[in-house]
Every structure is written in C-alpha cells, then in structure tokens.
Trainee: 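There's a structure below that I have some questions on.
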Number of protein chains: 2
Amino acid sequence: MILIPLAPATTASVLAQRLREAIDAGRWRPGELVRQEQIAAEYGVSRIPVREALAQLQSEGLLEIAHYRGARVSRPRAVEIDELFDLRLLVEGDLLARALGRHDQRSLRELTRLQDRLEDADDRLGWISGDIAFHEALYGPAERPRSLALFRQLRAPIDRFSVQALGPGTRKQGWADEHRQLIAAVAASDAAAAQAILEQHLQATRAVVLAACSGDGEN
Amino acid sequence: MILIPLAPATTASVLAQRLREAIDAGRWRPGELVRQEQIAAEYGVSRIPVREALAQLQSEGLLEIAHYRGARVSRPRAVEIDELFDLRLLVEGDLLARALGRHDQRSLRELTRLQDRLEDADDRLGWISGDIAFHEALYGPAERPRSLALFRQLRAPIDRFSVQALGPGTRKQGWADEHRQLIAAVAASDAAAAQAILEQHLQATRAVVLAACSGDGEN
DNA sequence: CAGTCTGTTTTTGGATACAATTATCCTATG
DNA sequence: CATAGGATAATTGTATCCAAAAACAGACTG
C-alpha cells in the first residue's frame, strides 16, 4: 500500500522552502532586494508561484514587501531580536512547564535520540533544523499546537543569525550540554531546574545572536 | 505639501480586509468552503488577488487551505481558543507591565477618548475594532512592535466569536467598567491592580467566547 | 550646479488562458 | 442494491500577457 501525500507539494510551497533555506544559509543578505523575475528564471518557473512564496515568507517575517517596490530580506534591528527572545522565554517557558509532567519513557528516548543525531550533524543548517526538532519534541507533550506554531514563528527571523553564530570554535558544546541537562531535568520532573536551564539556554543564545546581528550591518 | 501614501492599497490587500470583516461579521460560517471564482465574481476581480488575500487570511489563522482542495473558514476547537487566551494572558500581561511606567497625560487622555468613542459605537464590528484600538493604545507605550503584532494575531481567530457574544443584554457594561478600571490603574501606576484587572478582563472574555464557540457547531 | 520636469525603462500587480488535480456522477458488475 | 471503475465536470495551480506604478536618465531652468 502506497501512502499518497495528503497535500502534494505545489510549486509555490517548495519554492518557499527553498527560499527560506537560502535566507538562513545567508545566500541573501539582509536588506538585499529580491527580484521576482530573477527567482523565476533561477528556478525555471513563472512569477506567480514566486509571488506566493514571497508573500508566505513575508508573513513569516523573513521578508518585507512594499507594494510595487519589491521584497527585501528583513534586517531585524537588535532591539527586535531582543524582543523576540523575551517572547520566546514567555512562550517556551510555558510550553516546557506544561510538557513537564507529560513526558514518558518513549518521549524521553526520542529526545535523547534527536540530541544524538543533532551532535552528529556536521552542517550548520542541519544543526538548526535539528535544534528545532529537539525543542518540538521537548514541548510536544504539552499538546499546545498554537503555542508550538508560535514557537516556530518566533524562531524564524532569528535562526538566520544562529547559523552565523554556529561557526567553528563557538558555543556548540555548551549548547549540547544544556540540551542534555534539559533532558535530565525533564526525566526527573524537576520543574524549577528545567525552567532555569531553559532560561540559561535562551539567554546564552540571545547573547550570541545579538552579537551576530549587530556585527552584520548597520544596527 | 501633500502626503503620498507609502503603500497604496493593492486589490489583494483591500480584498483581505473585506474578507476579514465578512468572516468576523459571520457572513461565512466556520467550515464553509470559500470558492475563489465566487469571490472573484462577487468583487469583480480576477482570481489572482483573491488567492493572495486568501493566503494572507490563512497566515492569520482565519482560513485553512488545502492544496487543490480549496479554502474553508477555520473552525477553532474550544481547546484551541482556550490556548489562545492563555497566550494572550502571557503576552498582554507582559505588554501591560512594560507599558505601565511609560504612559503620560497625553496617552491617558487618548485612552479615555478611545473608550468614550467605544461606548458610543453602536455596531458590533465597531466595538471590536474599538476594543482593538483601545488595547493597542494601552500597550503602545511599551514600544514592543512584535509583541503588539502578536497581540493582533492572537485576537484574530477569536474576534469572530466575540462579535457573536456581544449581542443584546450581554456583558457590555462589565467590559466597559474593566476598561475604565484599567485606565485608572495605569494612571495610578498600580502594576498589581492593572495585572489583576487585565486578567479578570481576559478571563471573563474567555468564558463568553468559549460559550459562543461551543454553541456554534460541532465542538 | 542643484533641482525639477519629462520621457523611457524596469518592475510589480492584475487579467486572461491553460494545465493539473480533485470531486462528481454515471454505468457496469458482483 | 451496494460498490468499484471510469468518463466528465468543477476547481485549483501555473504560465503568459497586459496595465499600473516606480525607478532611472537626461534635458531644461533657476
């Protein structure tokens, strides 16, 4: 029996995914103007799906579109990044608290497995998607779909800089340690410890990202 | 000197606004299928701007779009509405706390003015937009653009039911009282009181909206 | 020489036309 | 008679073409 995809990918949707990756990978710099025709030519499609993909990325906060004036990669100011981290603390703290009593052996094994894979990955984009997967598994048992969607949304404009910050000789070890500690705290159902580690994790990431963001251009 | 609009309305953007209002006004019921061609004919435009408007509304959580299968008005389950209110408590509480020390005479007068206008309005949609304006003015001094955008986003799927709940003989008086109390607490810079009133305000609204949501259909 | 006006070019927004996918209905068959 | 199969219609996704707006360049004027 073959499983048919419930929502077969449309040109616009795969384009959106590609463009997201391109932005995260830094192939397009913040502030850079993105021309519809150019993308259409590059991917061999017409401008219609390009426009839909751009609109999608705009709603995710990755692009800023002005009517008749084109789309440019958004250049979040440091103060906005800061605000996003404050919101992440609120939302992820809530998610973690609610997920805490709902983890079981299976979900904990899954967390460990994801973390193992994460530490094995050797490309930066893999680290990011692995980190997202880890946190989604961490918050998943809370069964809060909208909060989880919000979590993704709050990360989207940030991850671009996280990728930069994950260069050689960076915080990768401390990052992994915090994840392991999170797993331990969840396994022990230690709410206070879990919250403290999450806060530490996000604050450390905030510092790194703010540095990358500030060093990036006029900020 | 004439001020030129920085972003002249495009067909898609005004369509999105119209459709939003149509949904809030209940002209389209949750679960109802929305046909591109029908909207295009109704507004005398082609399907292209219709598609863009629909995508916009999807990103706002008002519609659910499946590829090749059409868009339908989203029917949030009660548990999701509940989650949205929890998130609102987090975000709006944070906004209110940050705005508290930053209000001045001018912003307080503006709040009062908005509340006066709100109580004078006699149509339900006016109440909703007035309520949004009031809360935006309340949180504005916090200078937290992303949080404020999030506030709007969290309300969007809810307001549909608020409109229903604002029928005759409803909570309109208590609602207004809470707003007045909020103004007073802000004027007195009483953080604890402000938080308490906001929480009371949101909890009361939650109850009303959940009732409207549950009575609406299969929930 | 700065600044403004105008004509041209470029780019985006929208309309029309076509292709791909899904839903509907009708028939055949057990 | 219920159901599977397939032709047909309805609907969405994409490409092509046209219109509107903005960016650009160069001439004109103070």
Side-chain angles (χ1 to χ4, degrees), chain A residues 1-20 22-23 28-75, chain B residues 1-20 22-23 28-75:
Chain A
M1 171 179 132
I2 297 171
L3 233 39
I4 286 112
L6 224 62
T10 182
T11 307
S13 63
V14 316
L15 244 183
Q17 184 54 34
R18 294 276 190 88
L19 300 188
R20 244 182 303 249
I23 291 177
W28 289 330
R29 292 298 172 76
E32 186 172 345
L33 220 73
V34 180
R35 299 271 171 225
Q36 299 177 1
E37 190 69 48
Q38 172 192 329
I39 300 172
E42 185 170 339
Y43 291 89
V45 298
S46 89
R47 272 175 43 230
I48 298 287
V50 172
R51 284 174 50 176
E52 297 195 357
L54 293 181
Q56 174 68 26
L57 294 183
Q58 176 187 37
S59 83
E60 294 171 15
L62 271 60
L63 294 178
E64 288 165 7
I65 301 182
H67 296 155
Y68 284 108
R69 219 163 298 190
R72 55 183 64 232
V73 181
S74 67
R75 179 205 305 283
Chain B
M1 173 181 129
I2 299 171
L3 231 40
I4 287 115
L6 224 62
T10 182
T11 307
S13 62
V14 315
L15 243 183
Q17 183 56 32
R18 294 278 190 88
L19 299 188
R20 243 181 302 249
I23 293 176
W28 289 329
R29 293 298 173 76
E32 185 171 347
L33 221 73
V34 180
R35 298 274 173 222
Q36 299 177 0
E37 189 68 48
Q38 172 191 331
I39 300 171
E42 186 170 340
Y43 291 89
V45 298
S46 90
R47 272 174 44 227
I48 299 289
V50 172
R51 289 172 56 90
E52 297 193 359
L54 293 181
Q56 173 68 26
L57 265 57
Q58 176 186 38
S59 83
E60 294 171 15
L62 270 61
L63 294 178
E64 289 165 6
I65 302 181
H67 296 155
Y68 284 107
R69 221 162 297 190
R72 55 183 64 234
V73 180
S74 66
R75 180 206 305 284

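The structure displayed is predicted, hence computed values, not measured ones. Keep in mind that the numbers below use all heavy atoms, side chains included, and drop hydrogens, waters and symmetry copies.
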Trainee: Does D:dT12 have OP1 or OP2 under 4.0 Å away from a side-chain N or O of A:T10?
Mentor: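 For D:dT12, neither OP1 nor OP2 has a side-chain N or O of A:T10 closer than 4.0 Å.
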
Trainee: Between B:H67 (NE2) and C:dA19 (C1'), how many Å, whole number?
Mentor: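 It works out to 17 Å between those atoms.
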
Trainee: Looking at every non-hydrogen atom in both residues, tell me the closest pair between B:R29 and B:V73 and how far apart they are.
Mentor: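 Answer, listing the atom of B:R29 first, then B:V73: O-CB, 3.4 Å.
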
Trainee: Grab the CG-P distance between B:L63 and D:dT12 for me, whole Å please.
Mentor: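 That distance rounds to 12 Å.
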
Trainee: State, to 0.1 Å, how close B:G61 and B:S74 come at their nearest heavy-atom pair, and which atoms those are.
Mentor: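 Residues B:G61 and B:S74, closest heavy atoms: O-OG, 3.0 Å.
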
Trainee: In chain order, what residues pass the side chain to side chain contact (heavy atoms under 4.5 Å, CB included) check against A:E60, with sequence neighbours excluded?
Mentor: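 Side chain to side chain contact (heavy atoms under 4.5 Å, CB included) list for A:E60, sorted by chain: A:R20, A:Q56, A:L57, A:L62.
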
Trainee: Could you list all the salt bridge (charged side-chain N to carboxylate O under 4.0 Å, His left out) pairs where at least one residue sits in residues 35-50 of chain B, not counting sequence neighbours?
Mentor: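 Matches after skipping sequence neighbours: B:R27-B:E42.
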
Trainee: Distance check needed: C:dG14 C1' versus B:L15 CG, whole Å only.
Mentor: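 After rounding, the reported distance stands at 12 Å.
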
Trainee: Hey, does B:I39 have a side-chain heavy atom less than 4.5 Å from the side chain of B:L15?
Mentor: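 A side-chain contact under 4.5 Å exists here.
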
Trainee: Residues of residues 34-60 of chain B with any non-hydrogen atom less than 4.0 angstrom from an atom of DNA chain C: list those, numerically ordered, please.
Mentor: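 Under 4.0 Å from DNA chain C: B:V45, B:S46, B:I48, B:P49.
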
Trainee: Atom CZ in B:R75, atom CD in B:E32: separation rounded to 0.5 Å?
Mentor: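 Going from the CZ atom of B:R75 to the CD atom of B:E32 covers 10.5 Å.
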
Trainee: What's the spacing between A:I48 CD1 and B:R51 CZ if we round to 0.5 Å?
Mentor: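 It is 8.5 Å, given to the nearest 0.5 Å.
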
Trainee: Could you run through DNA chain C and flag its stems, i.e. three or more consecutive Watson-Crick or G-U pairs with both distances under 3.5 Å?
Mentor: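 In DNA chain C, stems of three or more pairs: C:1-30 with D:1-30.
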
Trainee: Report yes if at least one side-chain N or O of B:T11 is closer than 4.0 Å to OP1 or OP2 of C:dG14; otherwise report no.
Mentor: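 Looking at the OP1 and OP2 atoms of C:dG14, one of them is under 4.0 Å from a side-chain N or O of B:T11.
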
Trainee: Is B:R69 close enough to C:dA23 that one of its side-chain N or O atoms is under 4.0 Å from OP1 or OP2 there?
Mentor: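 Checking B:R69 against C:dA23: at least one side-chain N or O falls below 4.0 Å of OP1 or OP2.
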
Trainee: Listed by chain and number, what are the side chain to side chain contact (heavy atoms under 4.5 Å, CB included) partners of B:I65, not counting sequence neighbours?
Mentor: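 Once residues adjacent in sequence are excluded, the partners of B:I65 under the side chain to side chain contact (heavy atoms under 4.5 Å, CB included) criterion are B:L54, B:Q58, B:A71.
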
